[in-house]
Amino acid sequence: MEFELKDGVYVPKAPKFGGFADSAGWCALYARMASNYIFSGKEEDLEHIFWNPGNVWDFAKNNIVVSDIRENFELDYAILKTGYILGIKIPHNEYEERLSHRYKFRFNHMAAYAGDFINDGRLEPWVFHNIEGDVKSQSLISFLCFTGSEVIQVFRPK
């Protein structure tokens, strides 16, 4: 994993894969590839190595759910392991609104858990994700607070 200096602290640098993985609307593909990169340490296209392919709306039935957060419960950060994938519900998401008539899904975004790193002087969970075509390495807590989002499901590889 490569690191970059951000606000005086070294944090993991989000891998870039090119093609669809780095394009808007392909967060599930990016999360799978980033997780594979975390597990293997290789930058090549490892699309299906550790995960069964699937879009946001069918990822849960194709992969192993470690945690399923129901209403009024919170994510237990202790269960997160580097490389796990998170299903995140972003409120008022245009992508979800367009697809809601065809698919039923509880979350509309996916990110790969990169490990715990320093953010504003605190150790926080960090994720790699493709948010509307912008590949980012970001504090999960900062992302959730800024967007009003919540983690709905946590997946481990097959």
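As the structure is a computational prediction, the values presented were derived from the model and not from experiment.
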Exercise for the section: Taking the side chain as every heavy atom from C-beta outward, state whether Pro125 and Ser139 have any pair of such atoms under 4.5 Å apart. Expected result: no

Handout entry: side-chain hydrogen bond (donor to acceptor under 3.5 Å, both in side chains) against Glu4, all qualifying residues, sequence neighbours excluded
Key = none

Problem - Leu86 vs Leu80, side-chain contact (heavy atoms from CB on, under 4.5 Å): CA-CA, chis, key distance, verdict - result: CA-CA 9 Å; Leu86 311 176; Leu80 295 180; 3.5 Å; yes

Practice task
To the nearest 0.5 Å, tell me how far Asn108 CG sits from Cys27 SG.
Solution key: 8.0 Å

Practice task
State yes or no: do Ile64 and Ile38 share one hydrophobic cluster built from I, L, V, M, F, W and Y residues joined by side-chain heavy-atom distances below 4.5 Å, directly or via other members?
Solution key: no

Handout entry: Heavy-atom check, side chain of Asn130 versus side chain of Leu29, under 4.5 Å
Key = no

Exercise for the section: Please tell me if the side chains of Leu123 and Ile118 come closer than 4.5 Å, counting only heavy atoms from C-beta onward. Expected result: yes

Exercise for the section: Return yes if some donor-acceptor pair links the side-chain N/O of Asp68 with the main-chain N/O of Gln153 below 3.5 Å, else return no. Expected result: no

Practice task
Could you tell me the separation between the NZ atom of Lys81 and the CZ atom of Phe39, rounded to the nearest 0.5 Å?
Solution key: 10.5 Å

Problem - Criterion side-chain contact (heavy atoms from CB on, under 4.5 Å) on Leu140 and Tyr113, from CA distance to verdict - result: CA-CA 8 Å; Leu140 174 62; Tyr113 174 61; 5.7 Å; no

Completion exercise
Taken to the nearest 0.5 Å, the spacing of Trp126 CH2 from Ser142 OG works out to 6.5 Å

Practice task
Would you indicate whether the side-chain heavy atoms of Ile69 and Ile152 approach each other to under 4.5 Å?
Solution key: no

Exercise for the section: Apply side chain to side chain contact (heavy atoms under 4.5 Å, CB included) to Leu5 and list each qualifying residue two or more places apart in sequence or on a separate chain. Expected result: Tyr10

Handout entry: Criterion side-chain contact (heavy atoms from CB on, under 4.5 Å) on Ile131 and Ile90, from CA distance to verdict
Key = CA-CA 11 Å; Ile131 183 80; Ile90 301 174; 3.8 Å; yes

Problem - Min side-chain heavy-atom separation Tyr30-Pro15 under 4.5 Å - result: yes

Exercise for the section: Check the pair Phe143 / Val127 against side-chain contact (heavy atoms from CB on, under 4.5 Å), numbers first and verdict last. Expected result: CA-CA 9 Å; Phe143 174 73; Val127 293; 5.5 Å; no

Problem - Inter-residue atom distance Tyr37.OH - Met1.CE, 0.5 Å rounding - result: 7.0 Å

Exercise for the section: If the plane angle is over 60° it's perpendicular, under 30° parallel, otherwise tilted; pick one for Phe59 and Trp51. Expected result: tilted

Exercise for the section: Answer yes or no: does atom OH of Tyr77 have more than 12 heavy-atom neighbours from other residues, nucleotides or ligands under 6.0 Å? Expected result: yes

Practice task
Classify the angle between the aromatic ring planes of His109 and His129 as parallel (below 30°), tilted (30 to 60°) or perpendicular (above 60°).
Solution key: perpendicular

Practice task
Report yes if the side chains of Phe146 and Gln138 come closer than 4.5 Å at any heavy-atom pair, otherwise no.
Solution key: no

Problem - Under 3.5 Å donor-acceptor, Ser35 side chain and Gly83 backbone - result: yes

Problem - Side chains of Ile85 and Asn63 in contact at under 4.5 Å (non-hydrogen atoms) - result: no

Problem - Side-chain touch Phe107/Ile88, heavy atoms, less than 4.5 angstrom - result: no

Handout entry: Donor-acceptor under 3.5 Å (Ser137 side chain, Pro12 main chain)
Key = yes

